[in-house]
Amino acid sequence: MWENLFSEGKPGALDRVDGKQKVTGAAKYAAEYNLGNLSHAVLVESTIAKGRIKNIDTKQAERAPGVIGIIHHGNAPKVPGYDTGDNPAKPPTGGEPFRIFQNARVYFAGQPIAVVVADTYERALYAATLVKTEYDKDEHETDVEENKDKANRPKGPRFEDYVRGEANAYKTAPVKVEQEYILPIEVHNPMELHATTVVWEAEDKVKVYDKTQGVKATQKSIMDAFKLKEQNVQVIADFVGGGFGSALRTWPHVIAVILAAKKVNRPVKLVLTRPQMFTMVGYRPYTRQRMGVGATMDGKLVGITHEAISETSTYEEFTEGTVNMSKFMYACPNVNTNYKIVALDKSTPTWMRGPGEATGAWALECAIDELAYALSIDPVQFRIKNYAEMDQQRKLPWSSNFLKECYEKGAEAIGWNKRNPKVRSMREGDWLVGYGMATGTFGAGRGRATAKATLLADGTLLLQSAVSDSGPGTATAMVGIASETLGLSPSKITFDLGDSSLPPGPTQGGSTTTSTLGSAVYDICIALQQKLLEVAAAKEGSFLKDAKFEELSFKDGAISRKTDSAKKISYTEVLKQSNLPQIELTKDSQGGDERSKYSMYSFSVHFVQVHVHSLTGVVRVKKAVTVADAGKIVNKKTAGSQMIGGVVGGIGMALMEEGIFDHRFGRYVNNNLADYHVPVHADVPHVEVLFVDKKDPYTNPMGTKGLGEIAIIGFAPAVANAVYHATGKRIRELPITPDKLI
Amino acid sequence: MRQFTYLRPSTSKAAIDALSKDPNAQFIAGGTNLIDLMKKGVMAPEKLVDINNLPLKEIKKQTGNLHIGALALNSDVSENKLVTQYHPLLSLALKAGASAQLRNMATVGGNMLQRTRCFYFYEPSLPCNKREPGSGCGALEGVNRMHAIFGWSDKCIAVHPSDMAIAMVALDASVLVYGPKGNRRIPFQDFHRLPGDTPEKDNSLEKGELVMGVEIPDGPFTKNVHYLKVRDRASYAFALVSVAAALNISGKTIKDARLAMGGVAHKPWRLLDAEKALIGKPATEETFKQAADIAMRGAKGFKYNSFKIPMGKNAILDALKTAAAKV
């Protein structure tokens, strides 16, 4: 079975290599390193949204039992990197990261203003309640709707207004739809709380166990902030309990723990509370979008106009590709987009699964659906009619695009053509039944990574790279790729990750890990084969003398000629006969110029059947079919799980997730998992995952494209479109809660 | 760490003695709400009197009623044969509450005594008259989507979160109470209060009184009953509105009816006028609609919760239809 892990047309389903550790509790997360002499940190938060700290009184807290130290802007050691402009804890696109404890300013409610360190967590927690703060309060603004006139175009060419053909051409079309769509704040809320455990091993040497999606990126941030050498900063993230983007940055609280550990001269652990997960590690920003779409009577798109207003903090500029999909997705001669953000007294948003594109697809894919209904054309057929044969924005051919196959597969699986296409025509008792679909897309990127391979005399292979795994099954995928490429049983392969001292790996974000790191693994396995051949052929009398690499087969841990599989030499024998204890190789890997010749995207199509209660407005997703064109699928089991996870997130986005502010106080009023709803099991139906599973010829040696983002992009509009089909009611403000359907 | 003393008495007498001696003491049973409130700093008892050793778990059929001990677990009550036989509405309501894990810990007494889930109540740095009398009502002009449409005052618009209590009030249960002045019996209907000018007081228990159990009188509502909970997700969410409906149908005529709502008021909201409108009428959609209209009379919502009025009407109709359809 293992040799078929990603061969064309053959499904592979290697079990998770770390599955047993995860389900038995052996897997260690950032909060689980109980180092000797460990102390515990609790953050004190600002209760106002804007102003200055007038006075912070820690006397009573300092006298509380067990307290070791309290750090705030009045006594915090300097963070050397803060003064050099080296941008520690890099901002997303612009501005200056919030400099924790460096001045008295309050930028948002829930801002960490002090950290209390004590010998136990409970004592630190109690002492934190004794810190008394007085503020000079300023008027705050936290509502996008109240401030949308103050929105500006972000700096930089990426955000310039885009016009292809004529702007607002949709207005001239015989049939048009003009609507606004609102997406509320969504909060990542991975199950694992953000946690950081820090130990200073020497005056200038620190070890940090952190929840991060990028151990190298966090290492770099810490190096920059504290002016430390690379070899003196080690970041460990052996396991990450979900991230969805919240762990893509080195947030200020990480700097706070490092400062605290230095100051108290002991290892310190900080675990954010659930409410702090709402204000300290980003969120998907509130976005209002205006769509104008128009088509000819026979259903050819005439124009698309896509405008978005979103939010950022007052200290950093966060931006995302909200309007991008409209630029290239459909064959349309006239497209114009406009993207603005407004700075508010809130913490900075950050990328959340399918960043920007998930927000943009919510508007575009609803508008396309509305236009299809206005034209009385089947929404699937309408999309196929306007299928873009090439990237409309960059005028480049797709590296691969199997969208039409996705539409076909999904429609068949859900029984699309068996539905009554008429709105509000299907019923089961008091439940209205509806079908909807929508499309998603995300760039199929590839970055740079280094992998190290060590083939030992006993025939086992150790692969290493400094990547984090936030849950998709990185090690499993890499073992699969190595097994397939090298011709070695997966049981003999180990993949080490989660340690910044390993050869540099990529940050896990933007659906690129398999493409980036997998290519490095592929490359090093090929290099290893070449090295094995070289060693074997050098041996006196070897049957591989003068053999060409292309003529050989590497299979079942042995080398043979393709023409004569009976005569072979095992990898262990190659090492043994040359008295080599091991072969060790390190290789850097990145793509060539293929990205300037081809437009590379993954695609998804989601189909859902919903039931909407005609009296109470309750919506239930009863069936979900999700189809992905993500190139070659390396592991159908873990890839399938990732798609299901996207659907679960999509159900949350569509039906229940919403970070709610009381703008009078500039604060969340549902910052916990009882009031901020994510789907429970009962909300999630059986999810059917289908893959096109065809190699992309250009993306990378395996022919894979990314998967993580497209799993959620387009799901929420599919649900909204199904709700329309069921009820005849367009809900253009997420989430689609029962009150909106009464 | 905030210190508190902890006692685990084995008699009810010892329990109420322990409590009445100490102005800042609290009983604790399942702890599914009190522990949260302590963690949030909303409540800070100096003494916890753990009543789990008291013999109050029993569910027994007595002449004329069903007795349920205050310490019977929500999950046990919901599955109990006597409960499903005599009062299936109560079982349905319990199963609609919280999550399986919480129901395994929460007790009947604790369920009744749980506090509102109003966010402003839970956040000590925001105003709330229930938590801190005189500080103002944060919800009145704030985010009040989950709040009351009946019986509120300008001091408090919070709702009682219990599902179980809605069935109890519909079934005319009584609360058995034991305290320094002896035993007394409080009709469930009068157990919880409206906020008025003293929203800090959730119920009519006197200081030191302990809920020993509830008694539900035998009734005819063993078949045509339904508990409908309309919520934002399929489980583990508080009600937007909920309806406990119980009908006694003979032939096609409604001989007796009970109707109560949750998620709409500071207490379980019994709908006596709507019940009257059902009794003696044919069990038809027309009758149910009329009752639903009557039920929602006098409802008044706020900026974010006015949807509860039409939703409540529809939920009553749905609950009655579903109850009537049971065979």
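Below, read A as the first sequence line, B as the second, and so on, with proteins coming before strands; counting in each chain starts at 1.
Side chain of Arg233(B) to main chain of Val678(A): a donor-acceptor pair is present (N/O by atom type, distance under 3.5 Å, no hydrogens or angles). In this structure, the side chain of Arg664(A) engages the main chain of Gly138(B) through a donor-acceptor pair within 3.5 Å.
Here the OH-CD distance, from Tyr126(A) to Gln3(B), works out to 8.5 Å after rounding to the nearest 0.5 Å. In this structure, the separation between CG on Leu615(A) and NZ on Lys313(B) is 12.5 Å, given to the nearest 0.5 Å. The structure places CD1 of Ile48(A) at 11.5 Å from OG of Ser125(B), a figure rounded to the nearest 0.5 Å. Residue Thr273(A) holds its OG1 atom at 7.5 Å from NZ of Lys40(B), rounded to the nearest 0.5 Å.
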Exercise for the section: Kindly determine whether Arg145(B) and Ile660(A) satisfy side-chain contact (heavy atoms from CB on, under 4.5 Å), including the steps that lead there. Expected result: CA-CA 11 Å; Arg145(B) 181 172 177 266; Ile660(A) 305 170; 5.8 Å; no
Handout entry: Check against side chain to side chain donor-acceptor pair (under 3.5 Å), Tyr120(B) and Asp662(A)
Key = CA-CA 10 Å; Tyr120(B) 300 91; Asp662(A) 184 332; 2.5 Å; yes
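With a 4.5 angstrom heavy-atom cutoff, Ile742(A) touches chain B only via side-chain atoms. Heavy atoms closer than 4.5 Å to chain B are found nowhere in Ala64(A), neither backbone nor side chain. Of the two parts of Ile736(A), neither the backbone nor the side chain holds a non-hydrogen atom closer than 4.5 Å to a non-hydrogen atom of chain B. Proximity to chain B (any heavy atom under 4.5 Å) is restricted, for Asn670(A), to the backbone atoms N, CA, C and O. Neither the backbone nor the side chain of Leu125(A) comes within contact range of chain B; no heavy atom of the residue lies under 4.5 Å from a heavy atom of that chain. Of the atoms belonging to Asp683(A), heavy atoms from both backbone and side chain fall under 4.5 Å from chain B. In this structure, chain B has a heavy atom under 4.5 Å from the side chain of Val618(A), while its backbone stays farther away.
Chosen from Asn671(A), Leu741(A), Asn672(A), the residue pairing most often with chain B at heavy-atom distances under 4.5 Å is Asn671(A). Contact count versus chain B (heavy atoms, under 4.5 Å) is highest, among Arg667(A), Lys740(A), His663(A), for Arg667(A). Taking chain A as the reference chain and counting heavy-atom pairs below 4.5 Å, the highest number among Leu240(B), Asn305(B), Leu126(B), Leu228(B) is found for Leu126(B). Ranked by heavy-atom pairs shorter than 4.5 Å toward chain B, the options Val680(A), Val669(A), Thr737(A) are led by Val669(A). Annotation: maximal heavy-atom pairing with chain B below 4.5 Å, among Asp430(A), Leu130(A), Thr47(A), occurs at Asp430(A).
When side chains are defined from C-beta on, His613(A) does not count as touching Val230(B), because their heavy atoms never get closer than 4.5 Å.
Pairing each heavy atom of Tyr236(B) with each of Leu673(A), the nearest pair is CE2-O, 4.0 Å. Shortest non-hydrogen contact noted between Asp232(B) and His677(A) is CB-ND1, 3.4 Å. Residue Pro738(A) comes nearest to Met311(B) through the heavy atom pair CB-CE, 3.6 Å, listed as atom of the first residue, atom of the second, then distance.
A side-chain contact (heavy atoms from CB on, under 4.5 Å) with Thr616(A) holds for exactly one of Val243(B), Val241(B), Asp318(B); it is Asp318(B).
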